[in-house]
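Okay, structure first, notes after.
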Amino acid sequence: MSAALPSPDWSWEHASRECPILHVDMDAFYASVMVRDRPDLQQVPVIVGGGHRGVVLSANYLAREHGVRSAMPMTRARRLCPRAVVVQPDYDTFSAVSASVMETFRQVTPVVEVISLDEAFLDVSGSVRRLGSPYSIAEHLRARIHDEQQITCSVGAAATVATAKIASRRAKPDGILVVPPEAVTTFLHPLDVGELWGVGEKTAQMLHRLGLMSVGDVAHTPLPTLQRAVGHALGLQLHHLAWGQDRRTLTPRRGPDEPDKSIGADETFGRDTDDREVILRELLRLSAKVAGRMRAARVAGRTVTVKVRFADFTTITRSKTTAEATDVTQEIYQTAADLFLALGLQRARVRLVGVRVEGLMPRERVQRQLVLGARERGWSEADRAVDQAASRFGAQAVRPASLLGGGRP
DNA sequence: TCTGGGGTCCTAGGACCC
DNA sequence: TCTGGGGTCCTAGGACCC
């Protein structure tokens, strides 16, 4: 399992000294957490996923043996593994387990970049004197997480973020892989191009068409050729990554001074619809959700984007940028509804609609034009009342009048 | 009963300004 | 009358990540 080059006095301990970047990734996280408290599920294939029209969020290794993978349509997953038990995700539990795991990381080093609920980078260069080599720190973390949470994780250790990330994937499940600097190209070059960060299905196909199958092939392709094929930025990135070069450093946390760049929500209908009223009502619900999250984050934004996905899965977006930033539900909805209606759809069957607000800035920085019309102030105050009621009685308690009574199964 | 929902970044064309 | 670049903003689409 190692890509390291043995030398006379070689050891994992020693080899890891130049590998202070750890990438820790929980193994089949959602599935592992769901199975943990259900002894009856321990020896059966388990798929975590939404119901109707959903995708696989996670699958345990017994299900993976049948070819089930994350993000696969549930229909296909069930076909591949009919005897799998399908369970609904429990995000509250996932968040709690994740928070505890991240806390364990922070006891090892303050330099933790959280990527998602089940994944983080750690820079342990400042912890080596206190806790030992990166390799023994990784072992320590794995043992603690297993003891405290009864789930396993895998760790990749390297000198750079990108290589550590690939290493953890190759270490799965329940393993550690150290890739010392002198072994980086030996490790990377035989891998498929799809292993590189930024190479998904489409780019992998494109590279394969050019005869570039392995990371080594990419490494030995002239940069201009690469850039013509996949674009300027990605070409440069792949060129660097293929040689194990990655200047990225860890950013522990996005500060309050650096808010999200956009906030949005979308939803796939239970069944495709061409009913304008149904779609507009959904846009209102999504606008309320987005605006509520914006107010909670104390941001306002200028660009509203509507997304429409049709029955054949083609997807379009329409956006409008206004002079003034807003966090007001009615204003966001009005823009979204205008954009949607301007499409002039007649009988097109719609699968999904979404609303997103971009160009976010801290709310304090928004200078509302002098003429704070009575109407506008009214909406803003209505939103605040909704927020307060929602925080006391739950988000379901308060919603726009047009969402009441219109519900259908 | 094929294909979720939350995001980020890049590209490319056109408008507009200097 | 014809023709420059550079920079920024906006819009639309696409790819990718978890």
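Convention: sequence-line order gives letters A, B, ...; per-chain numbering from 1.
- With C1' as the reference atom, B/dC17 and C/dG4 are 14 Å apart, rounded to whole Å.
- Closest approach to the A/I316 side chain among C/dC18, C/dG13, C/dT11 is made by C/dG13 (side chain taken as heavy atoms from C-beta onward).
- A/A71 comes within 4.0 angstrom of a nucleotide base, judged by non-hydrogen atoms across all strands.
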Show the numbers, then the answer: is there a side-chain contact (heavy atoms from CB on, under 4.5 Å) between A/F340 and A/R318? CA-CA 8 Å; A/F340 175 77; A/R318 291 294 180 269; over 6 Å; no
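- Under 4.0 angstrom from either OP1 or OP2 of B/dT1 there lies no side-chain N or O belonging to A/R76.
- Comparing A/G231 and A/L286 against DNA chain B, the residue whose closest nucleotide sits nearer the 5' end is A/L286.
- Residue A/K289 places its side chain closer to B/dG6 than to any other of B/dG4, B/dT8, B/dG6.
- Across the protein-nucleic acid pair, A/F313 atom CZ and C/dG14 atom C1' stand 14 Å apart, rounded to whole Å.
- A/T75 comes within contact range of at least one nucleobase, with a heavy-atom separation under 4.0 Å.
- Comment: A/D327 engages A/R363 in a salt bridge, judged by a side-chain N to carboxylate O separation of less than 4.0 angstrom.
- With B/dT3, C/dA15, C/dC18 as the choices, the nucleotide that has an atom nearest any side-chain atom of A/I115 turns out to be C/dC18.
- Side chains of A/S154 and A/D27: a donor on one and an acceptor on the other come within 3.5 Å.
- The nearest pair of heavy atoms linking A/S262 to A/R356 is OG-NH1, 2.9 Å.
- A donor atom on one side chain and an acceptor atom on the other are found under 3.5 Å apart for A/S133 and A/S136.
- Within the 4.0 angstrom heavy-atom criterion, only backbone atoms of the sugar-phosphate kind lie near A/L352; the bases stay farther away.
- Between the CZ atom of A/R228 and the C1' atom of B/dA12 there is a distance of 19 Å, rounded to whole Å.
- Between C/dC18, C/dC10, B/dC10, one nucleotide has an atom nearer to the side chain of A/A233 than all others, and that is B/dC10.
- Residue contacts shown for A/R53 are limited to sugar-phosphate atoms, with no base heavy atom under 4.0 Å away.
- Searching all strands for a Watson-Crick or G-U wobble partner of B/dC18 with both distances below 3.5 Å returns C/dG5.
- Under 4.0 Å is where a charged nitrogen must lie from a carboxylate oxygen, and between A/R281 and A/D275 no such pair does.
- Neither OP1 nor OP2 of C/dC9 sits under 4.0 Å from any side-chain N or O of A/K320.
- In this structure, A/G354 reaches neither bases nor backbone, as no heavy-atom distance under 4.0 Å exists between it and the strands shown.
- Evaluation of the side-chain hydrogen bond (donor to acceptor under 3.5 Å, both in side chains) rule for A/T225 yields no partner, not counting sequence neighbours.
- Only A/L196, A/W197, A/G198, A/V199, A/G200, A/E201, A/K202, listed by number, bring a heavy atom of residues 193-202 of chain A to less than 4.0 angstrom from any atom of DNA chain C.
- In this pair, A/F94 and A/Y30 present their aromatic rings parallel. The plane angle is below 30°, not in the 30 to 60° band.
- Between the CG atom of A/L360 and the C1' atom of B/dC9 there is a distance of 15 Å, given to the nearest Å.
- Proximity note for A/P73 (side chain, C-beta onward) versus B/dT8, B/dT3, C/dC10: the nearest is B/dT3.
- Rounded to a whole Å, the CG atom of A/L207 is 13 Å from the P atom of C/dA15.
- Here the nucleotide nearest the side chain of A/D118, chosen from C/dA12, C/dC18, C/dT11, is C/dC18.
- OP1 and OP2 of B/dT1 both lie 4.0 Å or more from every side-chain N or O belonging to A/R79.
- Between A/R302 and A/T317, the one whose closest nucleotide on DNA chain C sits nearer the 5' end is A/R302.
- Here the nucleotide nearest the side chain of A/E267, chosen from C/dA15, B/dG5, B/dT3, is B/dG5.
- Ranked by how close their nearest DNA chain B nucleotide is to the 5' end, A/H52 and A/G264 are led by A/H52.
- In this structure, A/T203 reaches the sugar-phosphate backbone alone: every heavy-atom distance under 4.0 Å involves primed, P, OP1 or OP2 atoms, never a base.
- Among the nucleotides C/dC18, C/dC10, B/dG4, the one closest to the side chain of A/T268 is B/dG4.
- Of the candidate nucleotides B/dG6, B/dG4, C/dT11, B/dG4 has the atom lying nearest to any side-chain atom of A/R309.
- Set against B/dG4, B/dC2, C/dT11, the side chain of A/T321 has C/dT11 as its closest nucleotide.
- Nucleotide C/dC2 is shown with an anti base, its glycosidic torsion being more than 90° from 0.
- For A/T315, the side-chain hydrogen bond (donor to acceptor under 3.5 Å, both in side chains) criterion is met by A/R309, not counting sequence neighbours.
- One interatomic measurement links the two molecules: CD of A/Q237 to P of B/dT11, which rounds to 11 Å at whole-angstrom precision.
- Heavy atoms of A/R318 sit under 4.0 angstrom from primed sugar atoms or phosphate atoms, though from no base atom.
- Rounded to an integer number of Å, the gap from CG of A/L234 to C1' of C/dG13 is 16 Å.
- Side-chain N/O atoms of A/S262 include one lying less than 4.0 angstrom from OP1 or OP2 on B/dT8.
- Phosphate contact (OP1/OP2 of C/dG14, side-chain N/O of A/T315, threshold under 4.0 Å): absent.
- For the pair A/E139 and A/R142, the salt-bridge criterion is not met [side-chain N within less than 4.0 Å of a carboxylate O].
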